[in-house]
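Shown next, in structure tokens, is the structure this report addresses.
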Amino acid sequence: MDRLESLRSEEEERSESATAGVLLDQLQEVEQRLLAFGEALGGTADTVTDLPFTEEAGLDHMPEPLYVRHDTEMLNQVTSWLLQDQHIGLVSPYGTGKTAFREIVLRDLSKHEGFVITHLDNPRETTPRKLYQTVLTAAYAAGYSIDQRNYSQVRDGIPWATAEAKDAVHEIVRRVREDGKTLLLVVDEIEVLEADLLSPLQVAGDAGVRLFLTGTPEGKRRVAEIRGTLDSRLRYYEGIDPFSSDDVAEYAARSLAYFRGDPYEGQAPDLFTRAAIEDIHERTEGNPREVRIECRELFTRAAFVWYRTGQDISRIQITPELRHRRFGMGR
């Protein structure tokens, strides 16, 4: 309560002084209330992006692995294909955890001695030469090199001519494979790949690079229509399972535990009632991205209830009815 009273005192002082502007004042007040609520819950946040339910797949936030951990069938199948040296296609609708899984693949396999792993950034803007450069750069970072005397012009280790860059990929992959390792190229959002990039992808795959492509069902159809031979080389897993209501509860509990710096040991999400968890699951149909957004919205509403009512933090609970409370600034 000391933090709450201090916050109110600060806001009163600001209201008596000249304002920086309505929106700027509002931004500052909302931020301070959210941070104070987080502190009252037992966590520490420098900005609102440190609060629970704000994590993004590309960042190192604890709940991120939960986005796919619940789908053990998918994990088992994809793992077996990785071990079998297969080209893999992971296809699922938006918001189901593909990008989160991509980050897990990049993070975990980069620590595995049997893999040299890389990721194709900006697939919309990648050229064939950039694709080959991505493969070569990853191999160089892992300690491999090409014989530059075999190429007419080389800049920063990459042959200037696209045809020679392709030849360099063949050479470097051969060296990686001689060491019993797999060079894995991860490509996200295959639905937005330029059509002229599908042929170089197949060339890299035929050279021995293993491909891990992710995207929507539309992306799978597009690859099949434009480059059927590449499509035929891929082993597809279609449809990451949505969260069950228990998965929603685990996600909420993990996010809160991570924020507090506590281990997750199967505890319930103490801020949420079971009815709220069931309501979130029903409204989102278990889509992980939508679950995160719903939890974040309800967390924000709970912060304003706490501020307006002045109740002890232990009495604040997120219920389905909280969604219909007015979202005002007054107290």
| said: Run V209 and V203 through side-chain contact (heavy atoms from CB on, under 4.5 Å) and show every step you take. | reply: CA-CA 9 Å; V209 176; V203 168; over 6 Å; no
Less than 4.0 angstrom from a charged side-chain N to a carboxylate O is my criterion; do [X] and [Y] meet it?
| X | Y | value |
| --- | --- | --- |
| D85 | R177 | yes |
| D270 | R260 | yes |
| E238 | K220 | yes |
| D247 | R69 | no |
| R175 | D147 | no |
| D231 | R227 | no |
| E218 | R222 | no |
| E250 | R254 | yes |

| said: Tell me if a side-chain donor or acceptor on T309 pairs with a main-chain N or O of V305 at a distance below 3.5 Å. | reply: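 Yes, the answer is positive, given that a donor and an acceptor are paired below the 3.5 Å cut-off.
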| Sole candidate of H281, R289, R323 that passes side chain to side chain donor-acceptor pair (under 3.5 Å) when paired with E294 |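 Only match with E294 under side chain to side chain donor-acceptor pair (under 3.5 Å): R323.
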Using the ring centroid of each side chain, check whether [X] and [Y] are separated by less than 6.0 Å.
| X | Y | result |
| --- | --- | --- |
| H70 | F243 | yes |
| F37 | F299 | yes |
| F53 | F272 | yes |

[X] atom [atom1], neighbour heavy-atom count above 12 within 6.0 Å:
| X | atom1 | value |
| --- | --- | --- |
| Q84 | CD | yes |
| E73 | CD | no |
| Q317 | CD | yes |

| query | Are Y151 and E171 close enough that a side-chain donor and a side-chain acceptor fall under 3.5 Å? | reply |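 Distance-only check passes for Y151 and E171.
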| request: For Q77 and S80, test the side chains for any donor-to-acceptor distance below 3.5 angstrom and give the result as yes or no. | output: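 Their side chains do contain a donor-acceptor pair, which is all the 3.5 Å distance test asks for.
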| request: Test the K181-F115 pair against the cation-pi criterion, namely NZ or CZ under 6.0 angstrom from the six-membered ring centroid and within 45° of the ring axis. | output: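 No, K181 does not sit over the ring of F115.
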| message | I'd like to know whether T214 forms a side-chain contact (heavy atoms from CB on, under 4.5 Å) with E189, so could you lay out the CA-CA distance, the side-chain angles of the two residues, the decisive distance to 0.1 Å, and finally the verdict. | response | CA-CA 6 Å; T214 70; E189 298 183 315; over 6 Å; no
